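Here is the structure we will look at.
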Amino acid sequence: MRIRTAAPIALAAATALAGSLLATAAPASAAAHQGGLHFGAVQFDGPGKDDRSKKSLNAEWVNIHNNSKKKVQLKGFKVKDNTGYTYTFGSYTIGAGKTVKVRTGKGKNVSGTVYWNRGSYVWNNTGDKARLIKPNGKLQDSCSWGKSTKANKGAKNCH
């Protein structure tokens, strides 16, 4: 009889504990992209035919967002794919709350957009992983995706 009496109390305690753990776990998991630099989105399969034209290469890009309250100097930060293709930022400051788009092809760097200056594609249409690496070599953020489909239109929201 004691077991039956204790069971509802134990169940109530376990439910309360689980509820409090879920309540505290939600903000922690949501906080992963609350501050600092992170990938915003990737257009890994640009619209149109993959013909290596300037337009086609620049239709492939990755966004890096600064979700902090301070500007960040990106000099020495790297963007890498699974193959090892690497873009290294020169002197570039990203403002608080701003985004910079790294386009695969060639062009003139301007505020909000930089160019990898490649003559071939970086991001695999069958699945890949973008990595944002700090100048000290530590991983800042990453974003993975699978195959390009009509549903995802060759894009991934990394948030």
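Everything numeric in this text was worked out from a predicted model, so none of it was measured.
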Can you tell me if [atom1] on [X] sees more than 12 non-hydrogen neighbours from other groups inside 6.0 Å?
X   : atom1 : result
K98 : NZ    : no
Y92 : OH    : yes
K55 : NZ    : no

In Å and rounded to the nearest 0.5 Å, what is the [atom1] to [atom2] distance from [X] to [Y]?
X    : Y    : atom1 : atom2 : value
Q140 : I64  : CD    : CD1   : 9.5 Å
D141 : I133 : CG    : CD1   : 10.5 Å
T113 : K101 : OG1   : NZ    : 6.5 Å
T99  : H38  : OG1   : NE2   : 7.5 Å
S91  : Q73  : OG    : CD    : 4.0 Å
S120 : D50  : OG    : CG    : 11.5 Å

Using atom types as modelled and distance alone, determine if a side-chain donor or acceptor of [X] lies under 3.5 Å from a backbone N or O of [Y].
X    : Y    : value
D128 : N82  : yes
N63  : A41  : no
K156 : S144 : yes
E60  : N124 : no
T86  : G84  : yes
S56  : K49  : yes
Q43  : G154 : yes

Quick one: are [X] and [Y] in side-chain contact, heavy atoms under 4.5 Å?
X    : Y    : answer
K106 : Y115 : no
K78  : R131 : no
V122 : V62  : no

Taking atom types as modelled and ignoring hydrogens, do the side chains of S53 and D51 form a donor-acceptor contact shorter than 3.5 angstrom? yes
Which word best sums up how the rings of F89 and Y87 line up, parallel for under 30°, tilted for 30 to 60°, or perpendicular for over 60°? perpendicular
How are the rings of W123 and W116 set to each other: parallel, tilted or perpendicular (split at 30° and 60°)? perpendicular
Smallest separation among heavy atoms of [X] and [Y], with atom names:
X   : Y    : result
K75 : P135 : O-CG, 3.5 Å
S68 : A96  : O-CB, 3.4 Å
L37 : I94  : CD2-CG2, 4.0 Å

Common cluster, [X]/[Y], ILVMFWY with side-chain heavy-atom separation under 4.5 Å:
X    : Y    : result
L132 : V114 : yes
F39  : W61  : no
Y85  : V42  : yes
V72  : V79  : yes

Go through N152 and W145 one step at a time and tell me if the side chain to side chain contact (heavy atoms under 4.5 Å, CB included) criterion holds. CA-CA 10 Å; N152 67 25; W145 57 89; over 6 Å; no
Take L57 and Y121 through the test side chain to side chain contact (heavy atoms under 4.5 Å, CB included) and record every step on the way to the result. CA-CA 6 Å; L57 287 165; Y121 301 96; 3.6 Å; yes
